[in-house]
Amino acid sequence: QVTLWLKKLYGGAPIPEYEVNERTVDILHEIMECNEERDKDVMLLIEDMKDQASKYEAEAQYWQDILGEGLGFFEGSLSKEATKDLSDLVESALELEAEDTSLTSLYSAINDMTSELYETKSKNEEMELKLKTLTKKLTSALMVEKQLEEDIEKLKASQEAEKAKAEARSKNMKFLEDKSKDLKIRIKDAEDQLVARGLDQSLTHEALVKSSEELAALHKQIEPLKMELASYNDLPP
């Protein structure tokens, strides 16, 4: 419905590009309904005026026939000024949709048309205000959508950079793990060669690590004894 309305609105001109999503389509649909409602009111008013004009023309013809045939009072027999005044009176009655050409009917029709004019003007102003509000909402929505697209692009770029860093760290980690495994193998081979040549088992890397751990445990056990000894050393002689 929105697409067909836009094609009809712009005629042969190309439709301006816009982001098609649920929010923009809803706003355009609401604008479309407002325009169609206003167009419908205008068409109904035009049709009513045409109908009234036809009725007045028929009634004018009826009275013209009566005046001409019954009284011999033809339009050509009037002066130029009288003919002009009569035409103005008829046109005014048709425009005002008056029941007849009496002052009461004319004044009443003028009041009715004035009230209708103010009512239509008020309704048009209300519709224009609503249209401006919807247009403002649409503009705001498009700006928010553009900002979101920019934020998404920035996030994608940031993710790509983080991904590249993660891949680099992963490669470095793999390199270090492989290097560590290689060094362990080389240390083990060197220890095996040294042991084969008569090296004391207590001097191997594994034995030294174990001795270091045992030494650290002994230091931890000795610490309370040192504190207790210090308390005795603080006593008077």
Side-chain angles (χ1 to χ4, degrees), residues 1-57 91-99 108-181:
Q1 290 180 351
V2 171
T3 303
L4 293 175
W5 172 68
L6 288 174
K7 289 181 178 179
K8 181 180 178 182
L9 183 64
Y10 284 93
I15 300 174
E17 295 184 1
Y18 66 95
E19 184 68 24
V20 181
N21 54 47
E22 185 176 356
R23 180 176 175 80
T24 56
V25 171
D26 287 342
I27 294 174
L28 287 173
H29 188 269
E30 192 168 351
I31 296 174
M32 177 193 72
E33 289 181 340
C34 291
N35 284 347
E36 289 181 346
E37 187 68 23
R38 185 169 61 181
D39 292 342
K40 189 183 296 183
D41 292 341
V42 173
M43 291 302 298
L44 289 175
L45 183 61
I46 292 174
E47 290 297 326
D48 184 62
M49 292 182 69
K50 287 181 178 180
D51 184 59
Q52 292 293 331
S54 298
K55 290 180 181 179
Y56 281 117
E57 287 176 358
E91 289 178 2
S92 300
L94 289 173
E95 289 292 334
L96 295 172
E97 301 178 3
E99 295 181 358
S108 177
I110 290 173
N111 290 334
D112 292 342
M113 182 166 286
T114 303
S115 299
E116 184 178 351
L117 176 63
Y118 282 122
E119 183 179 354
T120 304
K121 184 178 180 182
S122 177
K123 188 174 182 181
N124 286 340
E125 289 176 352
E126 182 181 351
M127 297 292 288
E128 288 177 0
L129 179 61
K130 191 173 183 181
L131 181 61
K132 289 180 180 178
T133 303
L134 292 173
T135 304
K136 186 176 180 180
K137 288 182 179 179
L138 177 60
T139 304
S140 176
L142 293 174
M143 291 178 63
V144 170
E145 183 178 5
K146 184 178 180 181
Q147 184 63 44
L148 288 175
E149 289 178 352
E150 292 177 355
D151 292 342
I152 290 173
E153 291 298 326
K154 291 179 181 178
L155 181 59
K156 286 182 179 179
S158 176
Q159 288 178 343
E160 290 293 333
E162 290 296 329
K163 184 178 179 181
K165 290 180 181 179
E167 290 178 353
R169 286 196 294 266
S170 177
K171 291 180 180 179
N172 291 336
M173 184 66 70
K174 183 67 168 58
F175 172 77
L176 292 175
E177 288 177 353
D178 293 341
K179 192 69 175 176
S180 177
K181 290 179 181 179

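Hydrogens, waters and symmetry mates play no part in the numbers below; they use all other heavy atoms, side chains included.
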Calculate, to the nearest 0.5 Å, the distance between atoms [atom1] and [atom2] belonging to [X] and [Y] respectively.
| X | Y | atom1 | atom2 | answer |
| --- | --- | --- | --- | --- |
| Leu4 | Met32 | CG | CE | 9.5 Å |
| Leu148 | Leu155 | CG | CG | 11.5 Å |
| Ile27 | Leu134 | CD1 | CG | 7.0 Å |
| Gln52 | Met49 | CD | CE | 9.5 Å |

For residues 131-160, which residue pairs pass the side chain to side chain donor-acceptor pair (under 3.5 Å) check, not counting sequence neighbours?
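Found Asn21-Glu145, Gln147-Asp151.
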
Residues which pass side chain to side chain contact (heavy atoms under 4.5 Å, CB included) with [X], listed by chain and number, not counting sequence neighbours:
| X | result |
| --- | --- |
| Lys165 | Glu162, Arg169 |
| Val2 | Leu6, Tyr18, Val25, Leu28, His29 |
| Glu128 | Arg38 |

Can you name the residues that form a salt bridge (charged side-chain N to carboxylate O under 4.0 Å, His left out) with Asp178, not counting sequence neighbours?
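Testing Asp178 for salt bridge (charged side-chain N to carboxylate O under 4.0 Å, His left out), a comparison that skips the adjacent residues, returns Lys174.
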
Provide the closest heavy-atom pair for Arg23 versus Ala141 in the form atom of the first, atom of the second, distance.
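Result for this residue pair: NE-CB, 2.9 Å.
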
Does any part of the side chain of Glu167, heavy atoms only, come nearer than 4.5 Å to the side chain of Lys163, both counted from C-beta?
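Side chain of Lys163 against side chain of Glu167, heavy atoms only: contact under 4.5 Å found.
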
So does Glu36 have more than 12 non-hydrogen atoms from other groups sitting under 6.0 Å from CD?
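Check passes, neighbour count above 12.
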
Near Gln1 CD, under 6.0 Å, is it more than 12 heavy atoms from other residues, nucleotides or ligands?
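No, not enclosed.
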
After noting the C-alpha distance and the side-chain angles of Glu126 and Lys130, does the key distance pass the side-chain contact (heavy atoms from CB on, under 4.5 Å) rule?
CA-CA 6 Å; Glu126 182 181 351; Lys130 191 173 183 181; 5.8 Å; no

Under 3.5 Å, which donor-acceptor pairs do the side chains of residues 117-124 form with other protein atoms, sequence neighbours left out?
from	atom 1	to	atom 2	distance (Å)
Thr120	OG1	Glu116	O	2.8
Lys123	NZ	Asp41	OD2	2.6
Asn124	ND2	Thr120	O	3.4

Determine yes or no for a side-chain-to-main-chain donor-acceptor pair under 3.5 angstrom, with Ser170 supplying the side chain and Ala166 the backbone.
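No; judged by distance alone, with no hydrogens or angles, the pair does not exist.
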
